[in-house]
Each structure stands twice: as C-alpha cells, then as structure tokens.
A.B. asks: 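The following block contains the structure, expressed as structure tokens.
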Amino acid sequence: MTSVALAFSGGLDTTVCVPILKEEYGYDEVIGVNVDVGQPTDEFDEAEETAEALGLDLHVVDAKEEFADLCFDAVKSNATYQGYPLGTALARPVIAEAILGVAEEQGCDAIAHGCTGKGNDQLRFEAVWRGSDLEVIAPVRELGLTREWEIEYAAEKDLPVEAGDGGVWSIDENIWSRAVEGGKLEDPNYEPPEDIYEWTAEPEGETTIEVAFEEGVPVAVDGEEMDPVPLIQHLNEYAGGYGIGRTDVMEDRMLGLKVRENYEHPAATVLLTAHQALEDLVLTKNERSFKKGIEHEWSEKAYQGLVFAPVVDALNAFIDETQDVVTGTATVKVSGGNCRVVARDSEYAVYSEEMASFNTEDVAGIAQEDATGVAKYHGLQERLANSVKAGKGVELAADGGSQDDE
C-alpha cells in the first residue's frame, strides 16, 4: 500500500488535495500533518474537524519551541526583508522539517503540499523535502488548479469546506508575525481598514520596555525572566496594545512577482530594535560595519527558506562570535505606534563616559593637540585629487593651501 504525507491546514487547497492525491496520483493512503508554530487554536480545531470529515489520519506536531529558537537566531542576525521582520519565511522550514519527520516515521512514499506555482512557500517547503528520498508532489501547481475550479470540485465531492473561502483576507499567523493579504489589499492604493489588524491596537499611549539579553538572546522583559515562547507572546500582547509592529509593504517575491503585504509583528519589532541598540554599544565600528553584510545575506537566505544551508551555518558562526559580548539591557519607548531606544547598558560597552566627555582634556594619555597631525592628513588624497582636476597641481594641496587661491 502506497502512502503520502500532506501538509494539511484544513483550508480549501489542502482539503481538495486529499481526494486528488488518491484519484489522480494513485496513492492508497493520505496522512495529514499540521505543525503548530503558534497559529490560533480555532485553526487547529477546524483542521481536526475537516480531517475527521474526510476520514484523514491527522498528525499535529508542536514545533513552537524550535520556531522560537530560530526567531531568536533572526534577532541575533537583525534579520529583516525589505523593511519588515521575517515571519512566515522563518516558519516554513521548521514546518517542512516537522512534516518530513512524520512522513519518514510513517514510512510514506511521498510528501505533498497545496501551494500554488506563484508563491514562495512551494520553494521553502521543497528546499527541505528534496533532500530526502521521498517523491515531492504539488497537486495545485502540477495540475494548474484555480480557486474557482477547487470550489466547484469541493462542491461536487461534497468536501467539508465553506464555499472555498475562510474570509475576506488570506491570513498566515505564527508566534512571530501575522501576515494579511488578498481581497482589496491586492490594490496598492487601497487603504487597509482597521479590522485587518488583530495583534495591534490603534497607536495611542506610551510606555517603556526593558529587554535583557545574554549573548544576543532575549531572556527577560522588565526584569522578569521568561522562556522564548512566552516572552514572544508577552511582547506581542503588551507592545501590540500600543500599536507597535505594523508594516504595509510592496514585497518582491522569489519568482519575480511584486505583491502587497500587511504584517503585524510587535514582539519582533521590540526585540530587533533593542538588540540592535545593545550591539551598537558593545561592538566595534569594524564589527558593526562588516556584520551588516552578514545580516543581509542571512536575511536573504531566510526569506528563501534556506536557513539550513551550509552558508547559513558559516554566517551563524560569525554572528555567534559577535554575540559573546551582547549581554546587557536595552530600553525602548513605545509611543504612537513607534518604537525607539531610550537607554542601553552592558558591562561589555566599548564606551568610556570620561573619554567622551567634553570636560576631559586628555584621552587615555593622548592630548588633544596630538590630533593635529591626524587632521592634517585627513582628506589629503581628496585635496590632491581636487587640486589636480582644477589644474593647480599637487604642491598647493599638499601644503594645505586654499583650493580657491588663483
């Protein structure tokens, strides 16, 4: 008997995939797998009800802790994509790996998803799955199915879906972010109504939030130590109450399509802002400058669903080396939907208040007048170049003469 493991959410796409995998692909058994990375409880209830109506064996895997760990890797990497914190992209490899684990445990011959051929998720899932010996199947993409066709097919087969539409918007939610798209939001000039938001209130009021880090990892909020999952959930609720973490962006997908996306990510906004502030205090200028390129590459690979790639291991090695000193606290003020740093403290600060003070004459035995030589050399090459371009030769510039002299 042949079997296939299906990434099953209970929505229209994955529901119609169940009979299609049997009728069109010839599999005797379809096993559903649903992975918990922090979705709402009612989504799991609906998936279980749909699976029961289909006679589908459904496996639910709790991967919230694994996902939270990856989110904190993203914090250490200051990871954003085109201006917003990565969320869905981070979750997909974790989900894919969990589904693959069930498929292998159950002795499945193949593994399937309900993604279309237009989005990113097909690539993120398959980047993980194609490293296995299982056949990878994508019925919606391979058969060119449309939403209208699926609705008609579901009606003909009397499948347990509500007219093929769970609401006005398409929503993807996990503990790190909530993504909203579809409907009128596909028009870039359409102003989103307030009711698309659930995690964030209308921006009003203000407060401060202190985040403590140990080697780059958030460990406490306002002095209270928390494990990763509850820490993220707490900040989502607390900072979201002040309207923190809304992004409206025109996003470039991997396949070249430009789409309009709306995101909510209160905890991610607070943690990324606080972490960056603490790094600014403890890292040297060269470390900060070089790490920017590392962060960009990490973010790109994360967006592509390639967080398990060898190059990411190498990037993590550099990032982890820098995080040895990212221990301390950063305080942010959340006000009017904005999140900004107001204080930071660390025993590893590359900073001396005495040296930086205008009231201190010397710095570590270096007198102010010692900077005169540095000032003379600073910009020398540029002065030489400008002098040559002006036809005045290099001698005048080298002597410190005015570029305006005739």
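Worth saying up front: this structure is predicted, and the values here are computed from it rather than measured.
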A.B. asks: How long is the span from the OG atom in Ser177 to the CG atom in Asp172, to the nearest 0.5 Å?
C.D. replies: 7.0 Å
A.B. asks: Indicate yes or no: at least one non-hydrogen side-chain atom of Leu123 is less than 4.5 angstrom from one of Gln304.
C.D. replies: no
A.B. asks: Hey, mind stepping through Phe213 and Val75 against side chain to side chain contact (heavy atoms under 4.5 Å, CB included) and telling me if it holds?
C.D. replies: CA-CA 11 Å; Phe213 294 84; Val75 170; 4.3 Å; yes
A.B. asks: Is the backbone N or O of Gly117 less than 3.5 Å from a side-chain atom of Gln122, with the two atoms forming a donor-acceptor pair by type?
C.D. replies: yes
A.B. asks: Going through the distances and angles, do Val219 and Glu225 end up as a side chain to side chain contact (heavy atoms under 4.5 Å, CB included)?
C.D. replies: CA-CA 6 Å; Val219 295; Glu225 294 185 1; 5.7 Å; no
A.B. asks: Check whether any side-chain heavy atom of Pro188 sits under 4.5 Å from a side-chain heavy atom of Met250, and report yes or no.
C.D. replies: yes
A.B. asks: Step by step, work out the side chain to side chain contact (heavy atoms under 4.5 Å, CB included) result for Ile244 and Thr200.
C.D. replies: CA-CA 6 Å; Ile244 302 303; Thr200 55; 5.9 Å; no
A.B. asks: Look at the aromatic rings of Tyr263 and Tyr84 and report parallel, tilted or perpendicular, splitting at 30° and 60°.
C.D. replies: parallel
A.B. asks: Under 3.5 Å, is there a donor-acceptor pair between the Glu369 and Thr372 side chains?
C.D. replies: no
A.B. asks: Got a salt bridge between Asp227 and Lys64, using NZ or NE/NH1/NH2 to carboxylate O under 4.0 Å?
C.D. replies: no
A.B. asks: Per the side chain to side chain contact (heavy atoms under 4.5 Å, CB included) rule, which among Leu134, Val30, Ile31 passes with Val4?
C.D. replies: Val30
A.B. asks: Examine distances only and state if a side-chain atom of Asn236 and a backbone atom of Ala267 form a donor-acceptor pair shorter than 3.5 Å.
C.D. replies: yes
A.B. asks: Side chains of Arg260 and Asp248, heavy atoms from C-beta outward: is any pair under 4.5 Å?
C.D. replies: yes
A.B. asks: Establish, from distance only, whether the side-chain atoms of Trp298 and Asn78 form a donor-acceptor pair under 3.5 Å.
C.D. replies: no
A.B. asks: Is it the case that over 12 heavy atoms from other parts of the model lie below 6.0 angstrom from the CD atom of Gln82?
C.D. replies: yes
A.B. asks: Within this structure, what is the CD-OG1 distance for the pair Glu214 and Thr327, rounded to the nearest 0.5 Å?
C.D. replies: 6.5 Å
A.B. asks: Working to the nearest 0.5 angstrom, can you tell me the gap between Thr322 OG1 and Ile294 CD1?
C.D. replies: 9.5 Å
A.B. asks: What are the two closest non-hydrogen atoms of Asp28 and Lys22, and how far apart are they?
C.D. replies: O-CE, 4.1 Å
A.B. asks: Kindly indicate whether the side chain of Ile99, heavy atoms from C-beta on, has any atom under 4.5 Å from the side chain of Val102.
C.D. replies: no
A.B. asks: Please check if the side chain of Gln381 supplies one atom and the backbone of Tyr377 the other of a donor-acceptor pair under 3.5 Å.
C.D. replies: no
A.B. asks: Rounded at 0.5 Å granularity, tell me how far CG in Asn174 sits from CG in Leu90.
C.D. replies: 8.0 Å
A.B. asks: Does Asp324 reach the side chain of Tyr348, with side-chain heavy atoms less than 4.5 Å apart?
C.D. replies: no
A.B. asks: How close do Pro139 and Tyr25 get, counting heavy atoms only, and between which atoms?
C.D. replies: CA-OH, 3.6 Å
A.B. asks: State plainly whether the residues Glu287 and Lys291 are in salt-bridge range, i.e. N to O under 4.0 Å.
C.D. replies: no
A.B. asks: Under a plain distance cut-off of 3.5 Å, with no hydrogens placed, do Asp280 and Gln276 share a side-chain donor-acceptor pair?
C.D. replies: yes
A.B. asks: For Leu281 and Tyr351, work out which heavy atoms get closest and say how close.
C.D. replies: CD1-CB, 4.3 Å
A.B. asks: On a heavy-atom basis, which atom in Ala201 and which in Gly241 lie closest, and how many Å separate them?
C.D. replies: CB-O, 3.7 Å
A.B. asks: Using 30° and 60° as the class limits, which term best fits the ring planes of Trp129 and Phe125: parallel, tilted or perpendicular?
C.D. replies: parallel
A.B. asks: Is atom CD of Glu237 surrounded by more than 12 heavy atoms (other residues, nucleotides or ligands) closer than 6.0 Å?
C.D. replies: no
A.B. asks: Should Thr88 and Asp121 count as side-chain neighbours, where that means a heavy-atom distance under 4.5 Å?
C.D. replies: yes
A.B. asks: Looking at side-chain heavy atoms only, is the closest gap between Leu278 and Ser346 below 4.5 Å?
C.D. replies: yes
A.B. asks: More than 12 heavy atoms of other residues, nucleotides or ligands under 6.0 Å from CD of Glu191: is that the case?
C.D. replies: no
A.B. asks: Between Glu194 and Arg246, does any side-chain N to carboxylate O distance fall below 4.0 Å?
C.D. replies: yes
A.B. asks: Can you establish whether the number of heavy atoms outside His234 located under 6.0 Å from its atom NE2 is more than 12?
C.D. replies: yes
A.B. asks: Do His113 and Thr14 have side chains that approach each other closer than 4.5 Å (heavy atoms only, starting at C-beta)?
C.D. replies: no
A.B. asks: Rounded to the nearest 0.5 Å, what separation is found between the CG atom of Asn34 and the OG atom of Ser9?
C.D. replies: 7.0 Å
A.B. asks: Any donor and acceptor pair, going by atom type alone, linking the side chain of Asp370 with main-chain N or O of Ala367 inside 3.5 Å?
C.D. replies: yes
A.B. asks: To check you understand the geometry: which heavy-atom pair defines the closest contact between Phe8 and Leu58, and what is its length?
C.D. replies: CD2-CD1, 3.9 Å
A.B. asks: Would you give the length of the straight line joining atom CZ of Arg130 to atom CG of Leu100, rounded to the nearest 0.5 angstrom?
C.D. replies: 12.5 Å
A.B. asks: Walk me through whether Phe72 and Ile232 qualify under side chain to side chain contact (heavy atoms under 4.5 Å, CB included).
C.D. replies: CA-CA 10 Å; Phe72 282 2; Ile232 293 170; 3.8 Å; yes
A.B. asks: To check you understand the geometry: which heavy-atom pair defines the closest contact between Gly182 and Trp169, and what is its length?
C.D. replies: O-CE3, 3.5 Å
A.B. asks: Crowded around Glu52 CD? As in, over 12 foreign heavy atoms under 6.0 Å?
C.D. replies: no
A.B. asks: Counting only heavy atoms not in Glu65 (residues, nucleotides, ligands), do more than 12 fall under 6.0 Å from its CD?
C.D. replies: no
A.B. asks: For Phe290, does the CZ atom sit with more than 12 other heavy atoms under 6.0 Å from it, leaving out its own atoms?
C.D. replies: no
A.B. asks: For side chain to side chain donor-acceptor pair (under 3.5 Å), just list the numbers for Glu135 and Tyr27, CA-CA rounded to whole Å, side-chain angles, deciding distance to a tenth of an Å, and then say yes or no.
C.D. replies: CA-CA 12 Å; Glu135 180 183 1; Tyr27 284 95; 2.8 Å; yes
A.B. asks: Both conditions, 6.0 Å and 45 degrees, for the charged tip of Arg253 above the ring of Tyr303: are they met here?
C.D. replies: no
A.B. asks: Between Trp149 and Tyr153, what is the ring plane arrangement, given parallel below 30°, perpendicular above 60°, and tilted in between?
C.D. replies: parallel
